[in-house]
Amino acid sequence: MSKTVCAYCGVGCKFEFRDEKLKPIKSYPTNSGLACAKGLSQIKSIFIDRCKEVKIRESIKDNFKTSNYDEAINIIASKLKKTAPERVGFYLSGQMLNEDYYVANKLAKGFIGTSNCDTNSRTCMASAVVGYKKSFGVDYVPLGINDIDKANLLILTGANPAESHVVLFNKIKKAQKKGLKVVVIDPRFTLSAKIADIYLPIKVNKDIDFFNLLALKLIKDDSVDKDFISNHTNNFDSFKEEILKLDGTKLLENTELGIDSFEKFYKLFKESKNIITAWTMGINQSSQGVDKNLAINNLHIITGQINKEGSGPFSLTGQPNAMGGREVGGLSTTLAVHLDFNEENCKKVAEFWNSENIAKQNGLTAYEMIEAANEDKIDILIICHTDPIYHLPNRNFVQKAISKIPLVVEINAYEDSETSKYAHIVLPALPFGQKEGTQVNLDRTLTRVESLYPKDGILQDWEIFTKIGQNLGYEEEFSFKSSKEVFEEYQKMTKLSFQRHLNIFETNYDKLKEKPFVWGKNLFKNSTFLTKNKKANLFFVENQNLSEQASKEFPFILLTGRTRDQWHSGSKSAKVDSLLKFKKLEFVEINSTDANKLGLKEGDMVKVSSKRGELKAEVVITDINLKTIFIPLSHRDINFLTDDLLDNLSKQPDYNHSAVRIEEWKESF
Ligand code: SF4
């Protein structure tokens with residue numbers, strides 16, 4: 001009987017495949033027999049609207065002609081040979097398995113010599129990666145899902161697991177019955193907020209003010225962990241000095257939270273022995289995403305709420321294999337296996353891959369590739385299992401920029417991506433259910449993904465990248481015959497990771513079928529971190545209010561996010577009737593007071609516009625904060641509105657703070 005892992009969210013539920021149905025596995029530690037409707041139903045959509053034929057065309061104005069893999073790969077390879085490496089980009093995805101990531105990364109950074117090889121994970125958790133590296137010296141999530149059972153307090157900030165990580169949320173509810181307290185900090189009264197012991201409706205973008213206020217009070221009350229600070233922490237004195245300069249009353253005012261609710265939360269925080277803070281895009285997708293992560297990490301460091309059961313700063317990865325992509329080296333700011341770009345690492349990797357063409361420095365990140373395309377600096381963009389035209393912010397700009405690229409290659413399993421309208425070559429690939437390899441979930445659990453159905457002549461991503469490598473003349477270096485062979489080379493490479501901390505080399509491909517492997521267990525044993533002097537770093541950060549601000553013309557701030565039963569653009573989930581009955585795909589949530597002022601009622605159609613674009617949506621009245629609206633990712637036009645401001649360090653876009661206007665829909669629009 002085949003076993004596989006869900007291809008939707010980062011929880012990574014494991015299933016058995018029996019009688020054409022997916023059954024969640026009870027003994028699997030991540031989901032313990034649980035699953036959500038979206039995960040279970042993906043079996044129904046595997047074969048709907050599949051991309052089955054290789055297609056090519058000279059110009060995006062032409063119609064596609066049917067082709068075959070060999071002809072298309074010949075064209076790609078011959079253009080790659082004629083193009084300077086820095087004019088080539090790879091746009092990968094958290095939907096790819098480790099093996100797919102590995103071969104793509106090896107081809108791009110190792111043999112073509114371009115580090116412009118990034119992944120759509122850049123848009124969901126790059127700020128957490130940078131935050132972890134700065135605070136602890138390594139991109140490492142220092143706890144697991146089942147730590148929730150051992151925590152006394154769970155703080156959910158900028159996260160709505162009731163819709164985005166459903167099985168995790170069910171585990172939270174179970175733990176709550178046994179005494180876990182849950183605090184939800186969110187400008188939107190989400191489904192997760194409904195179960196909160198304390199709900200804090202923070203003003204949009206005031207997260208740093210909130211966490212600094214908490215640090216200020218803890219330091220003033222002498223409620224920090226002095227032993228942990230003196231033995232395991234850098235910069236506490238300067239951090240304390242800066243924090244004490246802050247005005248607590250002003251910080252609280254900024255958050256627009258009441259003093260009573262803050263004090264109630266503060267009391268609970270101080271009384272809790274084990275604390276987890278968990279977050280997702282509400283924190284990461286911000287022009288201050290890294291600083292927000294650091295503000296959270298700071299609190300766990302000064303209170304010693306890390307490296308013990310039931311505690312720690314927990315970034316909840318959104319996509320099924322975003323973590324694997326981080327580890328393999330899919331981000332343009334990593335060379336491979338957690339190795340940054342520097343002379344020593346480039347030498348090691350060049351020797352391992354036996355290549356003279358290794359990329360030597362950080363490449364362009366996802367959105368930077370688009371900006372470069374707009375300046376005619378990209379000649380070839382290879383996009384794999386993702387739809388940047390749909391998901392990147394400021395869509396009008398993205399469309400214009402991508403249309404300037406002379407060769408856009410789309411590798412995809414499904415037909416109806418927005419990006420395919422801009423592609424010159426479309427290569428069909430295998431989706432969940434037909435591909436095989438390994439995948440890593442949000443708490444570093446590495447497991448095997450088995451295929452449930454035959455491949456039907458379609459290639460898996462790693463096979464496509466292997467063929468391109470061979471066509472470029474690297475037959476020996478790209479001689480992989482199976483996912484297992486790719487995995488085993490990747491495993492060997494993980495021995496190069498600094499301190500061999502990425503100890504994936506300790507498991508094996510066959511064993512992973514039955515038993516998952518959690519890499520880096522006890523990596524921070526005895527609270528020794530991977531910084532130079534093994535201590536955790538504190539960084540004082542302040543809210544600089546860098547995001548777009550509301551104005552007279554655009555008086556609302558737009559929040560974006562998932563809904564429980566849809567996965568991103570809905571290329572699979574929106575095809576399943578049973579999922580469509582729960583929620584509409586294209587709605588806008590607005591507070592009743594704001595709706596009244598605008599003369600709007602539930603079900604009305606409205607035009608929402610920002611200075612970048614507009615969309616049409618149906619009004620849903622909720623308890624969202626005043627002057628704040630929410631539109632889900634399932635709205636196909638969402639990114640005509642969103643802002644393309646990036647965090648300075650992580651280069652993650654600021655999807656959650658776009659200034660918009662709402663008006664009643666008129667047919668004349
Ligand atoms: Fe589990 Fe997430 Fe898949 Fe639902 S979508 S089954 S929670 S992995």
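Both counts, for ligands and for their atoms, begin at 1 and track the order of listing.
- Results of the side-chain hydrogen bond (donor to acceptor under 3.5 Å, both in side chains) test with Thr438 over Gln491, Arg448, Glu99 single out Glu99 as the only residue that passes.
- Each of Lys651, Lys133, Arg122 was evaluated against Thr333; a single residue qualifies, Arg122, per the side-chain hydrogen bond (donor to acceptor under 3.5 Å, both in side chains) test.
- In summary, the side chains of Glu489 and Tyr102 do present a donor paired with an acceptor at a separation below 3.5 Å, with no hydrogens or angles considered.
- Lys484 has a carboxylate O that lies under 4.0 Å from a charged side-chain N of Asp510, or vice versa, which qualifies the two as a salt bridge.
- For His568 and His391, the distance between ring centers is not under 6.0 angstrom.
- In this structure His657 satisfies the ring-ring contact (aromatic ring centres under 6.0 Å, His included) test with no other residue, sequence neighbours excluded.
- For atom 2 (Fe) of ligand 1, the nearby protein N/O/S atoms, meaning those under 2.8 Å, are Cys9 SG.
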